[in-house]
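Please read the structure below before turning to the comments.
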Amino acid sequence: MDEILIRGGKRLKGKVSISGAKNAALPILAATLLAEGECRIQNVPQLRDVSTILRLISDLGGKTSEIDPHQVSVDNTQATGHEAPYELVRTMRASCLVLGPLLARRGRARVSLPGGCAIGARPLNLHLKGLQQLGAHIDLDQGYINARASRLKGAHIWLDISTVTGTENLMMAACLAQGESIIENAACEPEIVDLAAALTKMGAKIAGAGTDCIHIQGVSSLSGFTHRIIPDRVETGTFMIAAAITGGEVEIDNCHPEHLSTVTAKLIEAGIEVEEKADSLKVHAHGTLQAVDIKTATYPGFPTDMQAQFMALMTLARGSCMISETIFENRFMHVSELIRLGANIKIEGHTALVTGVPVLKGAPVMATDLRASASLVLAGLAAHGETLISRIYHLDRGYEQIEQKLAALGADIERLA
Ligand code: EPU
């Protein structure tokens, strides 16, 4: 198993370019299952999760090919498969995104329940309830969701929780349903807007994506399309914090600053200088880092996917702050590892009280999930001495070439195979 070794204390300086968004690429690749004709997806990040969904699409009978390292062609016109097996779904929960498209286009889907997850229970009950409202017959057997429908029918769906992949699954299914669907309390994340843009290019009739009420007028078929994935806002935020935590000066190119307004506001409050341009950001850290409270929320609130990284930064701030996690019930797995690096953090329920320390000191630590891994890399960049991070495969699920990008900014970081 690969490990990452960081010799901390280097000030990051230079330019970094942001890759396509993992959490937009996954639903858009799943949406190709709805189309008749070739779909070309550009700005696709090279990540393990992307390879997993492409493998799933090809196991389901689709033709997939790489046009260039960041562009894939997918054609599902002749494909007939309908099963997403446990071996794949357990490695990536987002495999459940094939459920809505398979049901809508092929009339049936058999998708494994994903099983345990490091950050919370993460049930799929709202995906299933919404699909049932669209007319699907669903039963669970031997750890699988079996769903069937001859043709889905438009419905008025109220989501009890504004779930991101739940909204995406229902949007995709509703596109081929008969009549109008309304999804209320829908997730508003930029990845939903990007999926809606791709579906619209396929011929879908969608209004309101990016608000909490999405209207979809079903159509009888959808066609091939070409779409460029939006930049990854979590990768962008992670590099903003990499600059901040090392006292650096980094220009972050090919990003959408407007997708990070809450993160930017919190960094400015902490004393970091952030300059926004149309598609780039300049982050400059000088002077004292101040402790600031954060509370995660759905978009446009502070993203749960940035909580661990922001906590790493706050371990070195002046004063104490409260970091509250409201989206997932168990997303503090990085805390005990940050403490191994010398951080002062106490957890009470869903809140972590972080009191800044003057320095972190390198130590061996273990990554437990994707964003927790990123927080350990960030802490390692700032820590004195060597930090060895094991179970780094989590990082490869969501960050493209992170050690090369950090090394190009001056970090002393290497992967040990
Ligand atoms: N929930 C339910 N029932 C459902 C669906 C969700 O109770 O049927 C709960 C979840 O357990 C959670 C809350 O609703 O407590 C919100 O979860 P959501 O469904 O929005 O999360 P998700 O769709 O499974 C996506 C991202 C996550 C990101 C969350 C929150 C993708 C592929 N994944 O997950 O990304 O943290 O939204 O923004 O889009 C990551 O990239 O590291 C990652 C975990």
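Just follow the structure's listing: the first ligand is 1, and inside any ligand the first atom is 1. Quick note: residue numbers are just sequence positions, from 1.
Residues Cys175 and Ile216 have side chains in contact (heavy-atom distance under 4.5 Å, counting atoms from C-beta outward). Using a 4.5 Å cut-off on side-chain heavy atoms (C-beta onward), Leu128 and Leu99 make contact.
In this structure a side-chain-to-backbone donor-acceptor pair under 3.5 Å is present from Gln307 to Arg331. With hydrogens and angles ignored, the 3.5 Å screen pairs no side-chain donor or acceptor of Glu337 with any backbone N or O of Ile339.
Looking only at heavy atoms of the protein, atom 33 (N) of ligand 1 is closest to Asn23 ND2, 3.7 Å. Annotation: atom 43 (C) of ligand 1 to nearest protein heavy atom, Asp305 OD1, 3.4 Å. Looking only at heavy atoms of the protein, atom 11 (O) of ligand 1 is closest to Arg122 CA, 3.3 Å. Protein heavy atom in closest approach to atom 25 (C) of ligand 1: Val164 CB, 3.9 Å. When hydrogens are left out, the protein atom nearest atom 44 (C) of ligand 1 is Arg331 NH2, 3.5 Å; that is the closest non-hydrogen contact. Remark: minimum distance from atom 19 (O) of ligand 1 to any protein heavy atom is reached at Thr163 OG1, 2.7 Å. At the shortest separation from atom 9 (C) of ligand 1 among protein heavy atoms lies Ile161 CD1, 4.1 Å. Atom 23 (O) of ligand 1 has its closest protein heavy atom at Thr165 OG1, 2.6 Å.
Applying the 4.0 Å criterion to heavy atoms of Leu370 picks out, from ligand 1, the atoms 42 (O). Here is the list of ligand 1 atoms found below 4.0 Å of a heavy atom in Lys22: 40 (C), 41 (O). The Ala94 neighbourhood of ligand 1 comprises atoms 32 (C), with distances under 4.0 Å to a heavy atom of that residue. Within ligand 1, the atoms closer than 4.0 Å to a non-hydrogen atom of Leu126 are 3 (N), 4 (C), 8 (O), numbered from 1 in the order shown. Distances below 4.0 Å separate heavy atoms of His127 from the following atoms of ligand 1: 8 (O).
Across Thr298, Val234, Ile327, Asp232, heavy-atom proximity to atom 15 (O) of ligand 1 is greatest for Ile327. Checking Pro123, Gly398, Ala24 against atom 5 (C) of ligand 1, the nearest heavy atom belongs to Pro123.
Close N/O approach between Ile119 and ligand 1 is not found [any backbone or side-chain N/O within under 3.5 Å]. Below 3.5 Å of separation, one finds no N or O of Thr304 facing any N or O of ligand 1. Residue Phe328 has no N or O atom closer than 3.5 Å to an N or O atom of ligand 1. The N/O atoms of Glu168, backbone and side chain alike, include none that comes under 3.5 Å of an N/O atom in ligand 1.
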Problem - Asn146/Asp141 under side-chain hydrogen bond (donor to acceptor under 3.5 Å, both in side chains): CA gap, chis, key distance, verdict - result: CA-CA 7 Å; Asn146 287 310; Asp141 90 289; 2.4 Å; yes
Exercise for the section: Under the side chain to side chain contact (heavy atoms under 4.5 Å, CB included) rule, what do Arg151 and Leu176 come out as? Steps first, then yes or no, please. Expected result: CA-CA 8 Å; Arg151 172 130 193 232; Leu176 284 182; 5.6 Å; no
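Atom CZ of Arg55 sits in a sparse spot, with 12 or fewer heavy atoms from other residues, nucleotides or ligands closer than 6.0 Å. Remark: Arg391 CZ is loosely packed, at most 12 non-hydrogen atoms of other residues, nucleotides or ligands lying under 6.0 Å away. Other residues, nucleotides and ligands contribute more than 12 heavy atoms inside 6.0 Å of the NZ atom of Lys201.
Ligand 1 does not have Arg93 within reach: every non-hydrogen atom of the residue lies 4.0 Å or more from it. Contact analysis puts Arg371 in contact with ligand 1, with a non-hydrogen atom separation below 4.0 angstrom. Using a 4.0 angstrom heavy-atom cutoff, Glu325 does not count as in contact with ligand 1.
Ion pairing between Lys63 and Asp75 fails under the 4.0 Å rule for side-chain N and carboxylate O.
Note: His256 and His259 have perpendicular aromatic rings, judged against thresholds of 30 and 60 degrees for the angle between ring planes.
Summarising the geometry of Glu400 relative to Pro45, their closest heavy-atom pair is OE2-C, 3.7 Å, with the distance given to 0.1 Å.
For an aromatic pair to be called close, the ring centres must be under 6.0 Å apart, and Phe310 with Phe302 satisfies this.
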